[in-house]
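Taking it in order: structure first as structure tokens, then the write-up.
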Amino acid sequence: MAQIAKVIVDVPTMQTNSPYSYLVPDQLAQAIQVGMRVVVPFGNGNRKVQGFVVELAVASHFEKQLKSVESLMDLEPVLTKELIALSGWLADETFSFQITCLLTMLPNVMRAKYSKQIRIADSELTPTELAQILPEDSWNDFTPEQLTPSQQNALTRLRRQNKIEIVYQVKNQAQTKRIFQVQSLITLADEEKILAKVRKNAVKMQQLVHYLATHPESINQTALEKKLAISVATIKSGEAKGWLKRKQVEQYRDPYKETHTRTQPLHLNEEQQAALNQVTAAIHSSKAQTFLLEGVTGSGKTEVYLQAIADALAHKKTALMLVPEIALTPQMVTRVKGRFGKQVAVLHSGLSDGEKFDEWRRIKRHEAQVVVGARSAVFAPIENIGVIIIDEEHETSYKQDDAPRYHARNVAQWRCMFHHCPLVLGSATPSLESRARSEKQVYRLLRLTHRINGQPLPQVKIVDMRQELQKNGSQNFSPALSDAIEQRLQLGQQSILMLNRRGFSSFIMCRDCGFVLKCPNCDISLTLHMDSHSMKCHYCGHEEAIPKVCPNCKSHKIRYYGTGTEKVEQELQEKFPEARILRMDVDTTRRKGAHERILQKFGSGDADILLGTQMIAKGLDFPNVTLVGVLNADTALELPDFRSSERTFQLLTQVSGRAGRADKLGEVFIQTFNPDHYAIQLAKTQNYENFFRKEMYIRHQGKYPPYYFTLQITAAHKEENLAAQKMFAVLDELRPQLSQNAIILGPTPKPIARVKNKYYYQIVIKYKNEPGLHGAVTKILQESQKNYQKGIQLAIDAEPQSFM
DNA sequence: AGCACGCCGACT
DNA sequence: GTCGGCGTGCTC
């Protein structure tokens, strides 16, 4: 009986979102396995596409003649059965395609590159004629995107006339790094004999011979080059003379080469021990229990995680720990690597594709038992999991905002069910969803209420900027904050200043007519960038020159407005000329490793003030920091989003925790125009529990999560009314499927209605129990495929992070 | 996605 | 009359 492979092909559409059957040719029958990538012919022209084998069977329900698998792309499966099952569930859950989910789970290099080759199939067509259409140097390798429409048409015509043949290629990008090792073939006894044959002035050759004679062990080729200051040519000629052998060996690109000093488990206090005991009990009894570890900043959550991981390892199991991208600082990596050494694999966006691939392979080959990583690390190919930990579980970065729109927490829960292991969600300020679930006993609540070392929480002072505005006019630094900074400078202590959001940025406004320079493609104002001396759009990347006169009224009084980190940095430097300031924002951290370098510099005391955006609020631990200033606490509050209070509270609580962690008492200044807002007042005392009660009441009143589930449907189109029409059509179709209890908001234009020249309209459904909703939405999505060619894009986001 | 089939307008 | 525009449907 012929073998049949069920393959998910790399064609991301709704119509092709199920496995296709292919015959397995005899020569592949032994090697093919579920989870491998294959190349299969697909569609009318039999173009080659990448696919994933999700099942091997002996029969297919497909009536017509099956095509055959072309080739295998892997020697062993890249996906486990668990991950294949997970991809199917995830596709359904997030209203996305299974192929999109599969590709999301794997390192980028597993994504095939497609290209085409052209061959003359009819002697009537001369190469010169063809070269007029397409230059000869790209005959062997071109992609449709690089062709102009007229080239495209000409080639299509020739192909229909059978004058040319198009050969499709699927290129595997997954390359292992290979280095040369040099192995000596001579011994000490040979040295004299060989040296006699080497010319007297060939100093390098003599050195090489001497080295080889005295070093029988093999050495990295580049290391040898450095050591003897010789070139590859010398080594190669040594090889030709038979003195040495060069061989290629595979090498991991290890992003964390430096060895970490090993640390020992710390002594736990009573609360930590009690929390740990509950988690380890679940590990031992293989129970898929979710825990919520709520602990004030500095209460030692990380130590509980580390000891839970140690316990899993002691029971011959593995562990997965997720950390927000931004908190995946060298500090955190050092802590985990320090405890578990080479058993740790790290996955985050700062790594190159090659480095990620290598870390991934270390996990796949069971060379790493502990995985630490950002959101997508939740798909790490780790087996036999003993515990999954999600640190700072309230972080919005755990939700992916493009397809598949998954939340790492839900994926982790699925994997915990699969592996029968506990999930630990940790935070000082849990998301309301998680905290509410622990209230209902769905999660088990573990609380850490004491800071280790018993240090007091920093003193938080709220500065009313309304009064400051009246007294001193508009400014970024209140006298209270300025004095505090001055004091730290004199004491030689460090300060962290946070400017909320990159968005509170400098835009340009005409003082005469009020004209604001906006992006021609998007509905937002352009931001001034001093580093490139230009105006940029944060949404589409549009860039233009800084205007000298107002384009509207020709006035010269067109000025900067608002505050960006660059402007604050300038102002700060003027105020404190002697201060050494480090700025950390999207612009200064774009380059690889820049993030680490800035923190390293600050940590080693090379700067007095660290000025930055949200990214400085998370997970940093610098003992010499005794002052934290939040320049504008309000910007997040003013956003039209039901989570804005929660975000503000979390951010302020978190950034306050950066002050005075060691033996020195910390001080925090929060500048705000809303000093009486409950999110700000409660952040002052770091009273999460009170904030939770208050915010839950407000969510209840407004019928928002966690009392209601939410689903957002968005339509996008170049023409505003088509996007709107589509949303009204969706609404008409959906409404009969919903009960009276469901609440529908919209259709409305999104708060930023136009991005990249497309208009966005959305509806949001708030519901408690709508069994028909999932099916109805899936159906709408399937039908909308037909409209896709007309340029209408429909996006569905279950539990969106914001309605904006 | 990409390719073929099929039905309408402006050209040799 | 045909060439080629792109709307529609299918891909094991």
Side-chain angles (χ1 to χ4, degrees), chain A residues 1-25 28-29 32 34 36-72 88 91 96-104 111-118 121 133-134 142-171 402-404 717-719 722 726 781-794:
Chain A
M1 198 64 186
Q3 217 181 171
I4 283 165
K6 306 274 179 88
V7 176
I8 298 286
V9 292
D10 183 12
V11 181
T13 65
M14 214 63 200
Q15 295 100 319
T16 52
N17 191 27
S18 54
Y20 282 72
S21 300
Y22 285 88
L23 292 171
V24 178
L28 300 181
I32 197 166
V34 169
M36 282 181 173
R37 293 176 302 154
V38 289
V39 178
V40 292
F42 194 75
N44 244 317
N46 280 333
R47 71 196 167 95
K48 311 279 187 290
V49 299
Q50 187 186 50
F52 290 91
V53 180
V54 293
E55 196 187 328
L56 288 170
V58 289
S60 158
H61 293 291
F62 191 68
E63 272 114 64
K64 286 192 262 173
Q65 178 61 45
L66 298 184
K67 293 179 183 176
S68 292
V69 174
E70 163 104 4
S71 60
L72 306 182
S96 56
F97 314 120
Q98 195 172 355
I99 186 66
T100 316
C101 296
L102 288 169
L103 290 172
T104 305
R111 213 172 276 257
K113 274 262 189 291
Y114 297 101
S115 72
K116 294 176 174 185
Q117 239 179 41
I118 200 163
I133 302 166
L134 187 72
F142 69 94
T143 53
E145 301 92 71
Q146 54 188 239
L147 297 181
T148 65
S150 68
Q151 281 179 313
Q152 194 96 255
N153 287 341
L155 291 180
T156 311
R157 201 179 322 121
L158 286 173
R159 198 164 48 84
R160 290 201 184 155
Q161 295 165 349
N162 286 322
K163 285 188 175 165
I164 57 167
E165 195 187 349
I166 305 276
V167 184
Y168 300 90
Q169 293 175 317
V170 179
K171 271 190 265 178
D402 41 42
H717 195 272
K718 294 197 289 295
E719 302 203 24
L722 279 179
K726 179 67 188 175
L781 195 62
Q782 275 164 5
E783 283 166 8
S784 82
Q785 258 324 109
K786 290 171 191 154
N787 295 321
Y788 191 79
Q789 284 96 332
K790 290 180 194 154
I792 298 180
Q793 290 167 5
L794 208 65

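Everything quoted here is computed from the prediction, not taken from an experiment. A note on names: the letters A, B, ... follow the listed sequences, proteins ahead of strands, and every chain is numbered from 1.
- Atom NZ in A/K48 sits roughly 12 Å away from atom P in B/dC3 (whole-Å rounding).
- Residue A/N44 has its side chain nearest to B/dA4 when only B/dA4, B/dA1, C/dC12 are considered.
- If you check every strand for non-hydrogen atoms under 4.0 Å, A/Y168 touches sugar and phosphate atoms only.
- In terms of phosphate contacts, A/R157 brings a side-chain nitrogen or oxygen within less than 4.0 Å of OP1 or OP2 of C/dG4.
- Distance A/I166 CD1 to B/dA4 C1': 15 Å, rounded to the nearest Å.
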Derivation and outcome, side-chain contact (heavy atoms from CB on, under 4.5 Å), residues A/L23 and A/I4: CA-CA 5 Å; A/L23 292 171; A/I4 283 165; 4.2 Å; yes
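- With rounding to whole Å, A/Q15 atom CD is found 14 Å from C/dC12 atom P.
- In this structure the side chain of A/L66 never reaches within 4.5 angstrom of the side chain of A/Y20, judged on heavy atoms.
- In this structure, A/R47 atom CZ and C/dC12 atom P are separated by 10 Å, rounded to whole Å.
- Taking atom OH on A/Y114 and atom P on B/dG2, their separation rounds to 10 Å, with Å as the unit.
- Note: CZ (A/F42) to C1' (B/dG2) measures 10 Å, nearest angstrom.
- Between the CD atom of A/E70 and the OH atom of A/Y22 there is a distance of 10.5 Å, given to the nearest 0.5 Å.
- As rounded to whole Å, 12 Å separates atom P of C/dC10 from atom CZ of A/F62.
- With rounding to the nearest 0.5 angstrom, the CD atom of A/E55 is 4.5 Å from the NZ atom of A/K6.
- Here the CG atom belonging to A/L155 is positioned 5.0 Å from the CD1 atom belonging to A/I164, to the nearest 0.5 angstrom.
- Nearest nucleotide to the side chain of A/K116, out of B/dC3, C/dC12, C/dT11: B/dC3.
- With C/dC12, C/dT11, B/dA4 as the candidates, the nucleotide lying closest to the side chain of A/R159 is B/dA4.
- Distances were taken from every side-chain heavy atom of A/K67 (C-beta onward) to each of B/dA4, C/dT11, C/dC12; the shortest belongs to C/dC12.
- Residue A/N17 contributes atom CG, which lies 15 Å from atom P of C/dT11 at whole-angstrom precision.
- Nucleic acid contact for A/K64: sugar-phosphate only, since backbone atoms but no base atoms lie under 4.0 Å from a heavy atom of the residue.
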